[in-house]
Peer 1: 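Take this structure, written in C-alpha cells, and hold onto it; I'll ask about it next.
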Amino acid sequence: MKRYHSHLGRDIVITGGSARDLLPGQFGVLAIDGGAGGWSVVHKGPDGDVVELNNEMHFELPEEALAFAKELIGLMTPEGDETAPRPISPR
C-alpha cells in the first residue's frame, strides 16, 4: 500500500502509529500496535492538535481506514468543488 494519498485535494498519510510527522491539515491512517491492534484515522489541525476521527472504532485493515478518511473528506467538500473543504456545521 502506498504511504501518501490525496483525495479531493486533501493529504492522507499512512503511518506506523505516530501523528508526529503529519503536517497541519493532513489526515493520517495510524497503525495501532504495528497494525495488530487495528488502524485509526486522525487529523492534525492548524495548531498542531491531533484529533482521532473514528472515536473508539478501529479498523481491521488500513484500506478500510483509508476509505473512511476519504468518506470524511468527501463530506467536508462542497458538491461540485473538489478542492475547497466544506465547513462543518455545529449541531
Side-chain angles (χ1 to χ4, degrees):
M1 171 173 252
K2 294 186 322 181
R3 181 168 179 196
Y4 297 100
H5 298 263
S6 182
H7 183 67
L8 301 177
R10 305 299 291 266
D11 294 333
I12 307 169
V13 180
I14 311 293
T15 181
S18 174
R20 175 181 36 229
D21 296 333
L22 294 178
L23 299 175
Q26 285 185 324
F27 289 83
V29 172
L30 310 180
I32 301 167
D33 294 329
W39 295 81
S40 178
V41 178
V42 300
H43 180 263
K44 191 169 193 175
D47 297 327
D49 298 330
V50 177
V51 177
E52 186 175 357
L53 300 175
N54 53 302
N55 297 319
E56 298 296 318
M57 175 180 67
H58 294 125
F59 298 93
E60 185 175 331
L61 301 172
E63 293 85 358
E64 294 169 338
L66 179 61
F68 180 76
K70 288 180 177 181
E71 185 176 335
L72 288 176
I73 291 168
L75 292 172
M76 295 170 43
T77 305
E79 193 172 322
D81 184 354
E82 295 186 358
T83 60
R86 179 175 20 185
I88 299 174
S89 303
R91 292 182 189 203

Peer 1: Are any side-chain N or O atoms of Arg10 and backbone N or O atoms of Ile73, one a donor and one an acceptor, separated by less than 3.5 Å?
Peer 2: no
Peer 1: State the NE2-CG distance between His7 and Leu72, to the nearest 0.5 angstrom.
Peer 2: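 Those atoms lie 10.0 Å apart.
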Peer 1: Side-chain polar contacts of residues 21-42 - donor-acceptor pairs under 3.5 angstrom, sequence neighbours left out - could you list them?
Peer 2:
{"from": "Gln26", "atom 1": "OE1", "to": "Leu23", "atom 2": "N", "distance (Å)": "2.7"}
{"from": "Ser40", "atom 1": "OG", "to": "Glu52", "atom 2": "OE2", "distance (Å)": "3.0"}
{"from": "Ser40", "atom 1": "OG", "to": "Asn54", "atom 2": "OD1", "distance (Å)": "3.2"}

Peer 1: So, do Leu53 and Val51 sit near enough that their side-chain heavy atoms are less than 4.5 Å apart?
Peer 2: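 Heavy-atom side-chain distance check passes, below 4.5 Å.
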Peer 1: What is the minimum heavy-atom distance between Ile12 and Ala69, and which atoms define it?
Peer 2: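 Scanning both residues, the minimum pair turns out to be CD1-CB, 4.2 Å.
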Peer 1: Under a 4.5 Å cut-off applied to non-hydrogen side-chain atoms, are Asp49 and Lys44 in contact?
Peer 2: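 Not touching, per the 4.5 Å side-chain cut-off.
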Peer 1: Indicate if Phe59 and Val50 have the same hydrophobic cluster label, given that clusters are the connected sets of ILVMFWY residues with side-chain heavy-atom separations under 4.5 angstrom.
Peer 2: no
Peer 1: For the atom pair CZ (Arg3) and OG1 (Thr15), what is the distance rounded to the nearest 0.5 Å?
Peer 2: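 It comes to 5.0 Å.
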Peer 1: Which ILVMFWY residues can you reach from Leu61 by hopping between side chains whose heavy atoms are under 4.5 Å apart?
Peer 2: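 Besides Leu61, the cluster holds no residue at all.
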Peer 1: Hey, does His5 have a side-chain heavy atom less than 4.5 Å from the side chain of Asp11?
Peer 2: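 The answer is no; the side chains never approach within 4.5 Å.
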